[in-house]
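We count ligands from 1, going down the list as the structure has it; atoms in each ligand are counted the same way.
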Amino acid sequence: MKTEFSLAQLANPDIAEADKILRACVHCGFCTATCPTYVLLGDELDSPRGRIYLIKEMLEKNRPPTQEVVKHIDRCLSCLACMTTCPSGVNYMHLVDQARVRIENEYTRPLTERALRAVLAWVLPRPGLFRLSMVLARLGRPLTALLPSPKTASATPTLLRRIKAMLALAPGRLPAPGPSGGSVFPALGERRGRVALLQGCAQQVLAPRINQAAINLLTRHGIEVVLVKDEQCCGALTHHLGRDGDALARARANIAVWTAEAERGGLDAILVTASGCGTVIKDYGFMLREDRDFAAAAAKISALAKDITEYVSGIDLQPPQQHSDIVIAYHSACSLQHGQKITQAPKELLSKNGFVVKDVPESHLCCGSAGTYNILQPDIANRLRDRKVANIAMVKPDMIAAGNIGCMVQIAGCTSVPVVHTIELLDWATGGPRPGLN
Ligand code: SF4
Ligand code: SF4
């Protein structure tokens with residue numbers, strides 16, 4: 001794609017990056033076929049190619065974001081299916097991330113929407129506040145019946161609709177909190193490795209059992225696990241809201257404490273059980289490339305970050321002990337398959353450990369969770385969730401496995417089939433407890 005940035009514009013490293021990305025796009029449109037919003041809405045402006053044009057116009061002409069641009073960028077899930085499909089290697093992620101920051105900085109949203117986004121950005125990365133909000137949401141859930149329901153689903157939802165979606169996501173009960181930062185879980189037997197395990201923010205409130213399963217499995221196989229003290233939310237949630245000041249501050253804080261831990265006790269890897277977080281931590285090196293103080297450390301941390309299945313694939317697991325006939329529908333989280341290009345490892349691990357693994361039809365399509373998307377765009381998110389659950393039902397699974405808490409909550413909201421994390425199944429197969437929902 002031809003671009004016309006001025007030399008002065010290109011002096012800005014972000015614009016120079018955008019220029020490189022835009023020039024790689026040959027506007028072939030292959031990406032439209034796998035874009036969930038284009039598949040549902042059929043509007044070119046809700047396709048990757050359409051959004052790329054909108055972003056190009058905004059950046060090239062140095063125009064403030066218009067309502068039209070904001071509408072179509074907001075509808076993007078950042079699922080990155082377009083990056084998997086694109087034959088030209090267009091880095092849509094870095095382009096849309098930049099567009100979101102510009103929107104956040106230069107576009108004035110209606111007051112109610114600003115308030116909602118501010119609350120999400122403040123509450124979700126803070127586990128204590130998030131826990132409290134889940135308790136309040138659970139208490140408030142009966143009130144949703146009193147809120148008016150829209151007659152038809154809309155791709156531009158109202159605040160009420162979003163509040164209803166938020167309340168609907170609250171779980172029926174919350175599990176007890178898991179271990180806190182600063183905890184060290186020694187290897188059982190001879191120590192063969194030492195890793196940090198990201199504690200996560202929403203996940204540690206909704207499903208601490210996931211990291212517990214990771215700790216059980218790792219220590220059982222000779223790996224010492226550290227929950228690093230003073231670690232923060234990885235920044236993914238605010239990054240996807242375009243609030244890069246917050247996201248980068250969290251990235252720097254995490255880089256500092258992880259680097260100190262690596263220097264103190266040694267770290268073979270920083271393991272992540274929520275693939276949405278893993279994708280962003282693996283991108284810290286890029287996000288902080290212009291930061292003289294942090295660029296080198298950020299690149300090292302990104303290189304150390306691994307999805308739990310990536311790391312466990314390199315361990316000789318104990319032979320499976322049971323459950324060879326259980327059928328697992330493997331839901332491939334977008335952040336894992338498109339963001340991190342990890343597609344086979346989780347399925348191979350499950351198969352090797354005695355499970356019958358089934359691919360889900362249309363597995364490239366997002367389930368609609370996408371960070372805060374299922375709150376901010378509930379109608380599109382629900383359509384994607386229903387489509388995903390119907391596709392999962394086609395393989396008649398006993399359980400559904402996924403590698404990202406957001407997907408797990410989204411899918412569990414619409415099926416009676418137990419939804420578990422891949423690591424819980426692997427822990428179970430190698431001697432841990434049978435996973436359930438809580
Ligand atoms: S597939 Fe890639 S090159 Fe083709 S239009 Fe989409 S982003 Fe551009
Ligand atoms: S990230 Fe997902 S929703 Fe956004 S343009 Fe790409 S495929 Fe479409």
Side-chain angles (χ1 to χ4, degrees), residues 1-3 17-60 65 68-103 155-157 236-237 239-242 275-276 279-280 283 331-341 343 362-385 387-388 404 406-407 410:
M1 184 181 286
K2 191 167 171 292
T3 58
E17 187 64 31
D19 181 60
K20 198 170 81 189
I21 298 167
L22 290 166
R23 282 173 176 266
C25 176
V26 295
H27 38 100
C28 61
F30 287 170
C31 51
T32 57
T34 57
C35 171
T37 54
Y38 183 74
V39 168
L40 287 190
L41 305 172
D43 182 342
E44 170 74 13
L45 293 181
D46 285 315
S47 77
R49 185 173 58 181
R51 293 184 177 113
I52 287 169
Y53 274 117
L54 290 174
I55 296 170
K56 176 178 185 287
E57 276 291 296
M58 175 174 73
L59 297 181
E60 220 170 44
E68 186 75 351
V69 170
V70 174
K71 179 173 84 175
H72 296 292
I73 299 299
D74 280 356
R75 284 183 188 164
C76 169
L77 295 130
S78 280
C79 69
L80 311 181
C82 46
M83 285 180 61
T84 297
T85 312
C86 175
S88 304
V90 172
N91 194 323
Y92 176 84
M93 176 172 83
H94 289 157
L95 194 65
V96 79
D97 284 350
Q98 202 178 128
R100 291 193 202 279
V101 172
R102 187 172 273 236
I103 288 170
T156 43
L237 288 162
H239 181 58
H240 293 310
L241 287 168
S275 58
T279 304
V280 169
D283 205 37
H331 164 68
S332 196
C334 295
S335 41
L336 206 52
Q337 63 165 322
H338 304 306
Q340 300 183 44
K341 307 290 181 228
T343 53
E362 294 190 325
S363 63
H364 61 282
L365 284 184
C366 182
C367 67
S369 168
T372 55
Y373 192 91
N374 49 4
I375 295 171
L376 295 171
Q377 301 285 340
D379 296 314
I380 298 175
N382 286 352
R383 287 173 69 185
L384 289 170
R385 179 199 60 195
R387 188 167 175 145
K388 180 63 69 183
N404 191 47
C407 311
Q410 175 82 345

Taking [atom] as the reference point, the nearest protein heavy atom with its distance:
{"atom": "atom 8 (Fe) of ligand 1", "result": "Cys25 SG, 2.3 Å"}
{"atom": "atom 5 (S) of ligand 1", "result": "Gly29 N, 3.2 Å"}
{"atom": "atom 4 (Fe) of ligand 1", "result": "Cys28 SG, 2.3 Å"}
{"atom": "atom 7 (S) of ligand 1", "result": "Ile52 CD1, 3.7 Å"}
{"atom": "atom 2 (Fe) of ligand 1", "result": "Cys86 SG, 2.3 Å"}

Original post:
Does Ser369 use its side chain to pair, donor to acceptor, with the backbone of Gln410 at less than 3.5 Å?
Top reply: no
Original post:
By number and element, which atoms of ligand 1 are closer than 4.0 Å to a non-hydrogen atom of Ser88?
Top reply: 3 (S)
**OP:** Please report the shortest heavy-atom distance between Arg75 and Tyr373, naming the atom on each side.
**Re:**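 The pair with the smallest heavy-atom distance is O-OH, 2.6 Å.
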Original post:
If you look at every heavy atom in Ser275 and Ala333, which pair is closest and at what distance?
Top reply: OG-CB, 3.6 Å
**OP:** Could you verify whether a donor N or O on one side chain and an acceptor N or O on the other, from Thr279 and Gln340, lie under 3.5 Å apart?
**Re:**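 Yes, a side-chain donor-acceptor pair sits under 3.5 Å.
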Original post:
Which residues and atoms, protein N, O or S only, are under 2.8 Å from atom 6 (Fe) of ligand 2?
Top reply: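 Within the sphere that stays under 2.8 Å of atom 6 (Fe) of ligand 2, the protein atoms of type N, O or S are Cys82 SG.
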Original post:
Name the one of Arg385, His331, Arg387 that satisfies side chain to side chain contact (heavy atoms under 4.5 Å, CB included) with Cys367?
Top reply: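 With Cys367 as partner, side chain to side chain contact (heavy atoms under 4.5 Å, CB included) holds for just one option, His331.
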Subject >> Residues which pass ring-ring contact (aromatic ring centres under 6.0 Å, His included) with His72, listed by chain and number, not counting sequence neighbours >> reply: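 Here no residue qualifies.
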Original post:
Does Val26 come within less than 4.0 Å of ligand 1, judged by its heavy atoms?
Top reply: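 Within the 4.0 Å threshold, so yes.
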**OP:** Tell me, please: is Pro87 in heavy-atom contact with ligand 1, that is, under 4.0 Å?
**Re:**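 Yes, that is the case, since the closest heavy atom of the residue is under 4.0 Å from the ligand.
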Original post:
Quick one: side-chain hydrogen bond (donor to acceptor under 3.5 Å, both in side chains) partners of His364, sequence neighbours excluded?
Top reply: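 Listed in chain order: nothing, the list is empty.
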Subject >> Listed partners of His338 passing side-chain hydrogen bond (donor to acceptor under 3.5 Å, both in side chains), at least two apart >> reply: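 Counting only residues at least two positions away or on another chain, His338 forms a side-chain hydrogen bond (donor to acceptor under 3.5 Å, both in side chains) with Thr84.
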Subject >> Arg383/Asp379 ion pair, N-O < 4.0 Å >> reply: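 Salt bridge: no.
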Original post:
Can you tell me how far the CD atom of Gln98 sits from the CE atom of Met58, to the nearest 0.5 Å?
Top reply: 8.0 Å
